[in-house]
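In the text below, chain A, chain B and the rest are named by the order of the sequence lines, each starting its count at 1. This one's a predicted model, so the numbers in the text were calculated from it and none came from an experiment.
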Number of protein chains: 2
Amino acid sequence: MGLQPHSAGCRAREILDRVGDKWSLQVIALLGERTKRFTELKREIDGISQRMLTVTLRGLERDGIVTRTVYPVMPPRVDYSLTPLGATLMDAANALVSWAESHLDQIDAARADYDARLAETDALKRTS
Amino acid sequence: MGLQPHSAGCRAREILDRVGDKWSLQVIALLGERTKRFTELKREIDGISQRMLTVTLRGLERDGIVTRTVYPVMPPRVDYSLTPLGATLMDAANALVSWAESHLDQIDAARADYDARLAETDALKRTS
DNA sequence: CGGGATCCCGTAGGATACTG
DNA sequence: CAGTATCCTACGGGATCCCG
């Protein structure tokens, strides 16, 4: 189970192909709170275009992660919510988010360190 | 903690920016087995170009997730291995991989269902 | 309001050739 | 062996306009 040699690559790929894009996890997170409308999501996700919100929601709906409910009224009203499957996905994603919250500072430190060493190396090259 | 409303979006983004790319998780998975050489990784990761393996490894090294050890011999020899930080990331990623293993069939089913309904709807349109 | 249709661009990433 | 250097293309995704 888990990150195994042979199967891991492809399985990990498959899931990242679905939720590894720019917006899916944010949509899932917000729908995890409660059912929301299109405009509500758009307002809460900073920087998303309506096109990408539509595309993202369609993809999640197709994968059975969110449900889409259309009310035939004027003006139109569409509700989105997480399916049970979507809820389990959100739980799994939490592990990564938690990891991020507790280790991102270490990554930032490692980066700064790496960049500093690199700059130093480059400086030596220019001297020679 | 976890996938929370406001912080979730950005935190989730930050981690996906680092491991959400096409190859990082596979590299991490393989280095989780043991220390490996460049060519070894290239041989085991199907479809990766040497350019992308280099780029991926550099990024992971910069983020403190893998270490790079160069032996000054001819021909060159470079070993890569997971850092402790990288090991914790691998553990976290396992949650997603496990989820994938147990739910990907549900997603495939949902997709087939969605596509079938869509084709049906389109057929009706063409009739009218 | 909740999209669909177009146009457009930046960039991730593949193929290939060269090097210490 | 383990890269680096170019070149080039596919596609994710933004901006804009239109429509029921």
Original post:
Where along residues 34-45 of chain B does a heavy atom come under 4.0 Å from DNA chain D, residue by residue in number order?
Top reply: R37(B), F38(B), T39(B)
Subject >> Protein-nucleotide distance (L57(A), atom CG; dC1(C), atom P), rounded to Å >> reply: 17 Å
What's touching nucleotides 13-15 of chain C from the protein side, N or O pairs under 3.5 Å?
unit_1, atom_1, unit_2, atom_2, d
dG13(C), OP1, K22(B), N, 3.4
dG13(C), N7, R51(B), NH2, 2.6
dG14(C), OP1, K22(B), NZ, 2.8
dG14(C), O6, R51(B), NE, 3.3

Original post:
If you measure only the distance, is there a donor-acceptor pair under 3.5 Å linking the side chains of S81(A) and T67(A)?
Top reply: yes
**OP:** Supply the atom-to-atom distance E101(B) CD to N94(B) CG, rounded to the nearest 0.5 angstrom.
**Re:** 8.5 Å
Original post:
Do I107(A) and L85(B) come within less than 4.5 Å of each other through their side chains, counting heavy atoms only?
Top reply: yes
**OP:** Can you tell me the distance, in whole Å, between the CG atom of D17(B) and the P atom of dT11(C)?
**Re:** 14 Å
**OP:** Decide side-chain contact (heavy atoms from CB on, under 4.5 Å) for V27(A) and L53(A); before the verdict, give the C-alpha distance in whole Å, the side-chain angles of both, and the deciding distance to 0.1 Å.
**Re:** CA-CA 8 Å; V27(A) 170; L53(A) 181 52; 4.1 Å; yes
Original post:
Rounded to whole angstroms, how far apart are CZ on R18(A) and P on dG12(D)?
Top reply: 15 Å
Original post:
Whole-Å distance between dG12(D) P and R58(A) CZ?
Top reply: 17 Å
Original post:
How far apart are the closest heavy atoms of L16(B) and V19(A), and which atoms are they?
Top reply: CD1-O, 3.8 Å
Subject >> Shortest non-hydrogen separation from A95(A) to A95(B) and the atoms involved >> reply: CB-CB, 3.5 Å
Original post:
Contacts to DNA chain D from residues 61-79 of chain A, heavy-atom cutoff under 4.0 Å, which residues?
Top reply: P76(A)
Original post:
At their closest point, which heavy atom of F38(B) faces which heavy atom of Q50(B), and how far apart are they?
Top reply: CZ-O, 3.8 Å
Original post:
Looking only at heavy atoms, what is the nearest atom pair of V66(A) and L31(A), with distance?
Top reply: CG1-CD1, 3.7 Å
Subject >> Any Y80(A) side-chain nitrogen or oxygen under 4.0 Å from OP1 or OP2 of dG3(C) >> reply: yes
Original post:
Could you state the CD-P distance from Q50(B) to dC18(C), rounded to the nearest angstrom?
Top reply: 13 Å
**OP:** Indicate the atoms forming the closest heavy-atom contact of V70(A) with P72(A), along with that distance.
**Re:** O-CD, 3.7 Å
Subject >> Hydrophobic cluster identity match, Y114(A) and L60(B), side-chain contacts under 4.5 Å >> reply: no
Original post:
Under 3.5 Å, is there a donor-acceptor pair between the side chain of K42(A) and the main chain of I48(A)?
Top reply: yes
